[in-house]
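Here the structure comes first, spelled out in structure tokens, and everything after it is commentary.
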Amino acid sequence: MKYVILGSSAAGVNGAKEIRRVDPTGEILMISKDKFIYSRCILHRYMSGERTKDQLCFVEDDFFERYNIDWMGRTEAIALDTKNKEVSLSNNEKVKYDKLLIATGAKSFFPPIENMDKAKNVIGLRNIDDSVEIMKKAKEADNIVVLGAGLVGVDAISGLLNYNKNLALVEVADRLISLQLDKKASSTYEEAFEEKGVKFFFNIMAKKLNLNEKGEVKGLVLSDGNEIPCDLLIVAAGVRSNTEFLKGTNIELDRGGLVIDSNGRTNDPYIYGGGDVTGWGPIWPVAVKEGIIAGSNMAGVSKEMTDFFVSKSTMNFLGIPTMSLGISEPKDDSYIVELEEDEKGNYKKIIHKDGKIHGAILQGDLSYAGVLTQLIKDNIDVTRVKKPLFKIDYSDFFHTTDTFEFSYEKEGYNV
Ligand SMILES: Cc1cc2nc3c(=O)[nH]c(=O)nc-3n(C[C@H](O)[C@H](O)[C@H](O)COP(=O)(O)OP(=O)(O)OC[C@H]3O[C@@H](n4cnc5c(N)ncnc54)[C@H](O)[C@@H]3O)c2cc1C
């Protein structure tokens with residue numbers, strides 16, 4: 001059996017490891033546009049100088065030998081022939097597969113703002129090359145603007161804090177990282193960034209880029225007509241899946257990207273997909289899970305995507321850690337919201353409905369994360385918990401048996 005994997009990030013790497021776990025002898029070839037394996041989530045720490053390139057790597061030093069994987073870096077899939085089960089590569093080679101995993105992720109989306117297509121000094125943040133380019137240009141710039149305040153936008157800002165430049169962030173929503181944070185959790189970060197001099201423009205859109213005679217961006221005009229000085233624009237306004245090489249094939253795509261079922265299978269029985277290329281949820285833990293599910297099914301062991309809490313994110317900006325699960329705001333009045341905050345800035349929020357947790361935010365002190373995970377994992381009906389929710393501690397769930405094994409203490413929770 002020959003498995004070919006396109007992409008060497010969260011989905012590709014975890015798919016490969018899972019294939020190897022299930023099939024110890026099959027041939028695995030990993031092909032990637034990337035030159036080496038690294039985590040995009042910590043690129044900002046490279047930009048800030050906190051990590052070297054080597055310290056971005058998230059696999060073992062001997063990853064390829066350990067898992068017996070053949071590697072082709074700096075090589076791009078440019079076409080696919082599903083009939084002959086063959087991938088055409090940027091180095092003019094063609095490789096055959098028995099099973100193919102498409103884990104090619106996504107690229108930065110540049111919104112159609114006037115002059116965006118011709119402006120110089122406009123960069124997305126998606127890979128190590130983008131980071132290197134941003135670091136170079138940031139040194140020469142005075143006014144840096146980031147467009148989009150999702151995880152990527154806030155990463156960009158935090159990576160540039162020590163460059164001593166004017167930093168501004170423009171966001172159409174009313175807060176930072178609006179998918180994962182509510183207004184309260186966002187405002188904690190906003191205050192911390194503002195103390196470092198960052199300016200925020202919320203509830204507003206970018207309308208036009210003003211350019212100088214060399215075509216370099218000089219100002220960003222907002223939808224209210226005001227202009228922010230800008231000589232480097234970092235665009236973090238969303239992503240589009242990397243599926244160009246599928247053009248002309250019968251592989252099904254939709255608005256989000258590659259269409260897969262809950263087993264990670266595409267409409268071609270020999271081709272699987274996982275990660276940002278599917279557009280299901282462009283965050284690292286989702287990509288990891290999708291990679292594992294696709295890898296397992298490719299190697300013959302059935303696994304299905306069932307986890308409701310795939311949308312778990314953790315972040316740490318300016319020394320303030322936050323964990324976010326599921327929804328950050330109730331969808332309507334039928335949801336119950338439990339809140340707790342203290343004078344030290346620690347914040348806890350749980351959103352539940354019909355006894356089931358649909359979302360949670362922990363900021364500052366994350367020690368409740370264990371309890372929360374347990375509540376979710378054991379599917380505890382939170383309306384039947386006898387103690388106030390935030391007063392439960394981890395020990396309430398377990399007692400030690402005579403054989404020193406932990407076991408769940410169901411009685412205390414009347415379930
Ligand atoms: C700056 C930044 C910060 C982020 N921060 C967070 C965070 O804090 N928390 C979080 O959960 N998520 C974060 N994310 C999102 C997270 O990084 C992604 O969800 C995750 O990397 C997706 O993994 P993936 O394997 O699907 O694709 P990607 O990471 O996009 O990797 C795609 C791989 O495919 C390769 N490739 C692309 N096209 C081809 C081709 N045609 N042929 C061969 N290879 C190809 C690429 O080189 C790469 O190796 C961040 C993303 C960025 C960019």
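Residues: numbered from 1 along the sequence shown. Counting starts at 1 for both ligands and their atoms, in listed order.
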Checklist entry - Asp129 and salt bridge (charged side-chain N to carboxylate O under 4.0 Å, His left out): which partner among Arg74, Arg40, Lys53? => result Arg74
Next on the checklist: Considering non-hydrogen atoms of the protein only, which is the closest contact for atom 30 (O) of ligand 1, and what is the distance?
Outcome noted: Arg126 NH2, 2.7 Å
Next on the checklist: Check this for me, if you would: do Lys199 and Glu194 make a salt bridge, where the nitrogen-to-carboxylate-oxygen distance has to be below 4.0 angstrom?
Outcome noted: no
Next on the checklist: With no hydrogens and no angle check, just 3.5 Å: does a side-chain donor-acceptor pair link Thr322 and Tyr189?
Outcome noted: yes
Checklist entry - Quick one: do the Thr52 and Asp54 side chains pair a donor with an acceptor below 3.5 Å? => result no
Next on the checklist: With a heavy-atom distance limit of 4.0 Å, tell me whether Pro282 approaches ligand 1 through its side chain, its backbone, both, or neither.
Outcome noted: backbone
Next on the checklist: Heavy-atom distances under 4.0 Å decide this one: backbone, side chain, both or neither, for Ala103 against ligand 1?
Outcome noted: backbone
Checklist entry - Which residue supplies the protein heavy atom nearest to atom 14 (N) of ligand 1, what is that atom called, and how far is it? => result Cys41 SG, 3.8 Å
Next on the checklist: For His44 and Phe317, take the angle between the two ring planes, folded into 0 to 90°, and tell me which bin it lands in: parallel under 30, tilted 30 to 60, perpendicular over 60.
Outcome noted: tilted
Item to check | Within 6.0 Å of CG in Asn84, more than 12 heavy atoms from elsewhere | outcome: yes
Item to check | Glu76 near ligand 1 by a heavy-atom separation under 4.0 Å | outcome: yes
Item to check | atom 41 (N) of ligand 1 - nearest protein heavy atom and its distance | outcome: Ala77 O, 3.2 Å
Checklist entry - Under a 4.0 Å N-O cut-off, is there an ion pair linking Glu190 with Lys183? => result yes
Next on the checklist: Heavy-atom distances under 4.0 Å decide this one: backbone, side chain, both or neither, for Thr75 against ligand 1?
Outcome noted: backbone
Item to check | For atom 46 (C) of ligand 1, the protein heavy atom that lies nearest, with its residue and separation | outcome: Asp34 OD2, 3.7 Å
Checklist entry - Hey, does Ala11 come in under 3.5 Å of ligand 1, counting only N/O atoms on both sides? => result yes
Item to check | Sidechain N-carboxylate O distance under 4.0 Å for Asp130, Arg126 | outcome: no
Checklist entry - Within a reach of under 6.0 Å around CE of Met205, are more than 12 heavy atoms found that belong to other residues, nucleotides or ligands? => result no
Checklist entry - For atom 39 (C) of ligand 1, which protein heavy atom lies nearest, and how many Å away is it? => result Thr104 CG2, 3.5 Å
Checklist entry - Heavy atom under 4.0 Å from ligand 1: found in Leu125's side chain, backbone, both, or neither? => result both
Next on the checklist: To check your reading of the model: name the closest protein heavy atom to atom 27 (O) of ligand 1, its residue, and the distance in Å.
Outcome noted: Gly105 CA, 3.2 Å
Next on the checklist: Going by salt bridge (Lys or Arg N to Asp or Glu O under 4.0 Å), name the residues that satisfy it together with Lys184, two or more places apart in sequence or in a different chain.
Outcome noted: Glu341
Checklist outcome for this item: Under 4.0 Å between heavy atoms, the region of Asp155 that gets near ligand 1 turns out to be side chain
Checklist entry - Is it the side chain (CB and beyond), the backbone, both or neither of Asn242 that lies under 4.0 Å from ligand 1, heavy atoms counted? => result side chain
Checklist entry - Does a side-chain N-to-carboxylate-O contact under 4.0 Å join Lys120 and Glu216? => result no
Item to check | Close N or O approach (Val152, ligand 1; < 3.5 Å) | outcome: no
Checklist entry - Is the closest heavy-atom distance from Ser313 to ligand 1 below 4.0 Å? => result no
Next on the checklist: I'd like to check whether Trp284 has a polar contact with ligand 1, where a contact means an N/O of the residue lying under 3.5 Å from an N/O of the ligand.
Outcome noted: yes
Item to check | Whether Ile42 lies under 4.0 Å from ligand 1, heavy atom | outcome: no
